[in-house]
Number of protein chains: 2
Amino acid sequence: MTDLFVPLDDQPAYRQIANVIEQRIVARALHPGDPLPSETDLARQFGVNRSTIREAIRELETHGLLGRVRGEKRLRVTHPEPRRVSSGVSRALALNDVTFLELWEAMMAIEPVAAQYAAARRTAAQLQTLVRVGARFQREVADTTAAVTAVVDFFTAVAAASGNQVLALSQAPLNLLLAPALTRMIDRVPQARARIHDAQVNITDAIRQRRSEQARTWMEKHIRDFKRGHELESTMPEGIL
Amino acid sequence: MTDLFVPLDDQPAYRQIANVIEQRIVARALHPGDPLPSETDLARQFGVNRSTIREAIRELETHGLLGRVRGEKRLRVTHPEPRRVSSGVSRALALNDVTFLELWEAMMAIEPVAAQYAAARRTAAQLQTLVRVGARFQREVADTTAAVTAVVDFFTAVAAASGNQVLALSQAPLNLLLAPALTRMIDRVPQARARIHDAQVNITDAIRQRRSEQARTWMEKHIRDFKRGHELESTMPEGIL
DNA sequence: GGTGGCAAAATTGTCCGACAGTCCGATTAT
DNA sequence: ATAATCGGACTGTCGGACAATTTTGCCACC
């Protein structure tokens, strides 16, 4: 039934080295900001060639565990930024051909909850950001790209205000997937812009007044609108423009 | 106020090459399974040294866009597997010191919804998996590690049965964070095992009978229990064992 | 025609050595 | 003390090399 043995894999040196360093970082033996020894020195310590070290470093760098501050030469220990990892997730999702419905269901699960906690926990600065992004949407209605960006930023701001990193990081990849779908939709559905603005105002108000339930239900309405908009857009004859 | 210029960054060759190849893959010009030219050939095509190509490949490999099938030498185009991606996310979250409360809130947002859709859309095979994992938990109660794994697998199975890749991929990183917390809790709280088993049975039944609402509410109870368990565990005097 | 076996060619993982460009630190000049 | 200068250190990239292993082309054989 189940195999008695599994194939043994001795990984290449560069991967072993990457793993060792990764474990040091995850185990907090190395802290963010700590400078790493030079490549030459690492090569000496591990007893391998510098080329091998460089390949190991590339792995850790793309994982966001190492990085350099702009214009600096030395490599430093870093903790992965949410932006980087979430872009990886959305690329994975995009490549797996997720449908709009799948995306929508996930947004429906996450965003209202984020809004609810945002109302309870937002700081003054976070509220400010929310207001600013909302204003930007209103100002940029003409420019489709800018408008879409503003919508996405609004979601991001709400998630940030929720004070929950897990929710924020779960939500971030959805934004990147939403953008293209929203771009198609926002131009085709005439009333879209007005409804979005309306929803943003109401959500922001609820968060300002710390009304969790209202924030949640308004966000639900907001998201539901996207589904309506998507249905309108996709049943719409192509030549309408 | 706002700077007139932004710092220009000319990325190193290996990153540029990685980007070019990545875009080809994301644009579907290269399909999963397609073999990549040899490193030497790539070096010729891009007009760089093989070492540079190798560093580019390392980047794409860690992104999960390239990979090789076991024991094969040639590199092939791949689409990132959810497993790989989600482990990156949970590492990021772990390094950012998320609290149990943050994790719990996110689970509370996602898991019940996943259960709801699972009830509506599960296939016979997915139900089978669910049953099997539930049975495994009951069988392994003695072995803490195995029990925790079974709990996590149960969540994974529910998410898979939801037929929503976005939900599944949003949920996966939470599991990896839950495991350590659950390990601490399950041994300290005597009634934990019985309650988990109970919840799993009820959730599975609801999903079997395609009762979305029941699946959802039972999952909510199940998750809520984790919070109770965590509170019990953390207010418990250390020396109880 | 298909199949198995085998030797040659190709490919990867790793190493060595090298060099230009750039950053950093110390030294010197103001 | 501050500013200019210099040398060393380090990264990005290159060229070449070699063992181990995979892939391929070929040939005999069923």
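Everything numeric here is computed off the predicted structure, so don't read it as measured data. Just so it is clear: chains get the letters A, B, ... in the order the sequence lines come, proteins before strands, and each one is counted from 1.
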Among C/dG13, D/dG12, D/dT24, the one nearest A/Y14 by side-chain distance: C/dG13
Length of the CZ-P vector between A/R44 and C/dC16, whole Å: 14 Å
Residue met sooner reading DNA chain D from 5', once A/S38 and B/R74 are mapped to nucleotides: A/S38
Short N-O contact, B/R132 and B/D153, less than 4.0 angstrom: no
Minimum-distance nucleotide (side-chain atoms of B/T40 versus C/dT14, C/dT12, D/dT23): C/dT12
Minimum-distance nucleotide (side-chain atoms of A/P12 versus D/dT11, C/dT12, C/dT14): C/dT14
Spacing of A/E39 atom CD relative to C/dC16 atom P, expressed in whole Å: 16 Å
OP1 or OP2 of C/dT14 under 4.0 Å from side-chain N/O of A/R15: no
B/R54, nearest nucleotide to its side chain (from C/dT14, D/dT11, C/dC15): C/dT14
Whole angstrom value for the distance that separates C1' of C/dT11 from CG of B/L75: 11 Å
N/O contacts under 3.5 Å, protein versus nucleotides 16-19 of chain D?
residue, atom, partner, partner atom, Å
D/dA17, N6, B/R50, NH2, 3.2

Verdict with supporting geometry, B/T144 and B/R184, side-chain contact (heavy atoms from CB on, under 4.5 Å): CA-CA 9 Å; B/T144 299; B/R184 281 194 304 277; over 6 Å; no
Length of the line joining A/Q16:CD and C/dG13:P, which is rounded to integer Å: 13 Å
Rounded distance in Å - CD1 (A/I53) to P (C/dC16): 12 Å
Whole-Å gap separating P (D/dT11) and CG (A/L66): 12 Å
Under-4.0 Å salt bridge between A/R76 and A/E61: no
Length of the line joining B/E72:CD and D/dT24:P, which is rounded to integer Å: 9 Å
Pair of N/O donor and acceptor under 3.5 Å linking D/dT23 base with B/K73 side chain: no
Gap separating the CG atom of B/L60 from the CD atom of B/E22, nearest 0.5 angstrom: 6.5 Å
Euclidean distance, atom CG of residue A/D10 to atom P of C/dT12 [Å, nearest integer]: 18 Å
Salt-bridge present (A/R193, A/D187; N to O < 4.0 Å): yes
Plane angle bin for A/F154 and A/H222 - parallel if under 30°, tilted between 30 and 60°, otherwise perpendicular: perpendicular
Presence of salt bridge, A/R121 and B/E105, under 4.0 angstrom: yes
